[in-house]
Q: 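Structure in structure tokens, see below.
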Amino acid sequence: MSALNTEWEHPVSQTSTAPTSTVAMQAAPPTVDAPWPVALLNSKIKGWIDRLGTAWVEGEITQWGISGGNVYGKLKDLNEDATISFTIWSSVKARIPADLKQGDRVVAAIKPNFWVKGGTLTMQVYDMKHVGLGDLLERLERLRQQLAAEGLFAIERKKRLPFLPHTIGLVTGKDSDAEKDVLRNAQLRWPQVRFRVLHAAVQGERTVTEVVSAIRTLDADPEVEVIIVARGGGDFQNLLGFSDERLVRAAAAALTPIVSAIGHEADRPLLDEVADLRASTPTDAAKRVVPDVAEELARVQQARARLGMRVTQRIAHEIDRIGHLRTRPVLASPSWIVDSRAEELTRFVARGTELVGRCVERETTRVAELRGQLRALSPQGTLDRGYAIVQTTAGHVVTDPAEAPEGTALRLTVSGGSLGATAGTELPSPAGHDGFSTGETARPAGAQPAK
């Protein structure tokens with residue numbers, strides 16, 4: 001306003017020779033006694049605004065309406081609470097992208113236009129386009145690769161959802177269709193399910209901070225067993241908040257399983273990658289988190305039917321098996337096995353007795369034969385036939401008369417025992433005999449029996 005004040009305080013100078021015009025007089029500083037007309041004020045305002053020219057601005061389209069071929073909308077600052085209204089004439093609308101709509105992040109060439117007659121200020125758009133979509137995609141891809149390299153998207157990190165959660169945390173927009181879809185479908189599947197709903201902005205600059213705060217709050221609640229982050233889809237720019245690094249890391253750090261139900265297939269936000277489960281829609285999230293009571297009851301009935309059938313089949317099988325066992329002789333007549341074993345034992349005893357008798361008889365005969373052989377070879381047999389063994393007192397057997405000179409003390413062993421003798425003179429051998437006669441004692445000639 002300094003330039004405007006300067007203009008007010010320093011009107012255009014008029015020479016003394018020039019006639020004083022009405023405009024010059026009216027350009028003098030306004031006072032209570034000499035106020036400006038409204039038209040003059042508006043014309044000065046218009047002149048100051050026109051000097052601003054065309055400016056490129058960046059913001060988010062928060063309102064987009066078409067009337068008579070012209071577009072009337074509002075553009076909001078991305079970080080501050082500031083909004084301007086703009087107008088796009090039909091001639092300009094034909095040159096800008098046709099897919100522009102509410103929620104888009106754009107840059108626009110705007111020229112302020114002050115309407116003198118109505119005293120209103122409008123922003124006339126001469127050009128408008130999506131802001132840096134290629135740059136956004138490039139930054140998003142770099143962030144995706146960085147988080148993937150850190151292992152935030154790894155399958156091993158994903159937590160298993162509980163079969164029947166007692167309390168479900170829900171982060172979504174207030175009074176949104178996503179909230180209604182999740183609650184309605186979950187309660188249809190399991191009427192006793194409980195929800196703790198935290199509302200957060202799901203579009204705009206407040207999305208990241210509010211969603212992160214909601215996730216941390218629900219994660220700190222020990223009763224919440226699973227968290228659903230739901231939004232009813234949207235275009236790429238509307239979903240940029242769900243690809244913010246702060247939100248993704250907060251979801252990865254949560255100890256409670258997180259289900260992403262953003263509902264956007266073409267450009268999946270990074271929250272879908274780090275979540276423990278990705279649902280295609282909020283309705284799909286409710287169906288995958290909450291089991292259907294009717295389906296579970298039907299599954300229980302099917303399991304019970306299968307179990308009953310298996311038990312019945314097993315019992316019938318065992319009954320048949322017992323019937324087969326009872327028809328066997330051992331069970332039909334319990335004494336059968338005793339009788340059969342008694343007969344078998346009798347046969348074994350008789351056979352054993354016979355074999356033992358034969359063995360004893362055979363061995364008795366063999367012993368008699370061996371005894372006969374032993375007796376035939378034994379010196380005792382020779383002594384029993386009347387022969388004697390002559391030994392010196394030293395125990396040497398005398399086989400020649402020269403070994404026992406006359407007077408030598410001898411020991412005679414006969415069948416009945418031993419006796420002493422003294423060697424005498426040598427006697428001649430009997431003719432026609434082997435040197436001994438039956439019943440004679442073999443001793444040297446002249447040997448005298450010991451007294």
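For this chain, numbers begin at 1 and follow the sequence in order.
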Q: Should the pair Arg321-Glu318 be classified as a salt bridge under the 4.0 Å nitrogen-to-oxygen rule?
A: yes
Q: Listing request: all side chain to side chain donor-acceptor pair (under 3.5 Å) pairs with a residue in residues 206-224, at least two apart in sequence or in separate chains.
A: Arg196-Asp221, Arg206-Glu210, Asp219-Thr256
Q: Step through the shown structure and confirm whether more than 12 heavy atoms of other residues, nucleotides or ligands are within 6.0 Å of NZ on Lys111.
A: yes
Q: Dump the intermediate steps for side chain to side chain contact (heavy atoms under 4.5 Å, CB included) on Asp50 and Phe114, then the final yes or no.
A: CA-CA 8 Å; Asp50 287 344; Phe114 187 79; 6.0 Å; no
Q: Would you check if the side chain of Gln102 reaches a backbone N or O of Thr62 as a donor-acceptor pair within less than 3.5 Å?
A: yes
Q: Which heavy atom in Val125 sits nearest to a heavy atom in Val92, and how many Å separate them?
A: O-CG1, 3.4 Å
Q: CZ of Arg362 to OG1 of Thr365: how many Å apart, nearest 0.5 Å?
A: 9.5 Å
Q: Give a yes or no on whether Lys174 atom NZ has more than 12 heavy-atom contacts from other residues, nucleotides or ligands under 6.0 Å away.
A: no
Q: How far apart are the closest heavy atoms of Ser260 and Ala275, and which atoms are they?
A: CB-CB, 3.6 Å
Q: Measuring from atom CG of Asp292 to atom CG of Asn185, what distance do you get when rounded to the nearest 0.5 angstrom?
A: 10.5 Å
Q: State whether the number of non-hydrogen atoms from other residues, nucleotides or ligands found under 6.0 Å of Lys76 atom NZ is greater than 12.
A: yes
Q: Please find the pair of heavy atoms, one from Leu100 and one from Val106, that lie closest to each other, and give the distance.
A: CD2-CG1, 3.7 Å
Q: Ignoring hydrogens and geometry, is there a side-chain-to-backbone donor-acceptor pair from Ser243 to Leu270 under 3.5 Å?
A: yes
Q: CE/Met123 to CD1/Ile49 distance, rounded to the nearest 0.5 angstrom?
A: 7.5 Å
Q: Under 3.5 Å, is there a donor-acceptor pair between the side chain of Arg189 and the main chain of Arg288?
A: no
Q: Any idea which heavy atoms bring Ala214 and Leu198 closest together, and the distance?
A: O-CD1, 3.6 Å
Q: Partners of Arg310 by side-chain contact (heavy atoms from CB on, under 4.5 Å), sequence neighbours excluded?
A: Gln313
Q: How long is the straight-line distance from CZ of Arg278 back to CG of Leu271, given to the nearest 0.5 Å?
A: 10.5 Å
Q: What I'd like to find out is whether the side chain of Glu225 reaches to under 4.5 Å of the side chain of Thr167, using heavy atoms alone.
A: no
Q: One thing to verify: whether Glu344 and Arg347 come together as a salt bridge, which I'm taking to mean a side-chain N less than 4.0 angstrom from a carboxylate O.
A: no
Q: Check whether more than 12 heavy atoms from other residues, nucleotides or ligands sit under 6.0 Å from atom NZ of Lys129, and answer yes or no.
A: no
Q: Enter the distance from Glu60:CD to Thr83:OG1 here, rounded to the nearest 0.5 Å.
A: 9.5 Å
Q: What heavy-atom pair brings Leu218 and Leu170 nearest, and what distance separates the two atoms?
A: CD1-N, 3.9 Å
Q: Can you label the angle between the Trp64 ring and the Phe86 ring as parallel, tilted or perpendicular, going by 30° and 60°?
A: tilted
Q: Identify whether the distance between the nearest side-chain nitrogen and carboxylate oxygen of Glu361 and Arg358 falls below 4.0 Å.
A: no
Q: Calculate, to the nearest 0.5 Å, the distance between atoms CG and CZ belonging to Leu183 and Phe195 respectively.
A: 5.5 Å
Q: Quick one: does Thr120's side chain have a donor or acceptor within less than 3.5 Å of a partner on Trp115's backbone?
A: no
Q: Taking all non-hydrogen atoms of both residues into account, name the closest pair between Lys158 and Phe153 and its distance.
A: CE-O, 4.2 Å
Q: Are Arg157 and Asp276 ion-paired here, with the side-chain N under 4.0 Å from a carboxylate O?
A: no
Q: Taking the side chain as C-beta and beyond, is there a heavy-atom pair between Pro191 and Val293 under 4.5 Å?
A: yes
Q: Do the non-hydrogen side-chain atoms of Leu147 and Arg249 ever get within less than 4.5 Å of each other?
A: yes
Q: Which residues pass the side-chain contact (heavy atoms from CB on, under 4.5 Å) test with Val360, not counting sequence neighbours?
A: Val356, Thr364
Q: How about CG on Asp81, more than 12 heavy atoms from neighbouring residues, nucleotides or ligands closer than 6.0 Å, or not?
A: no
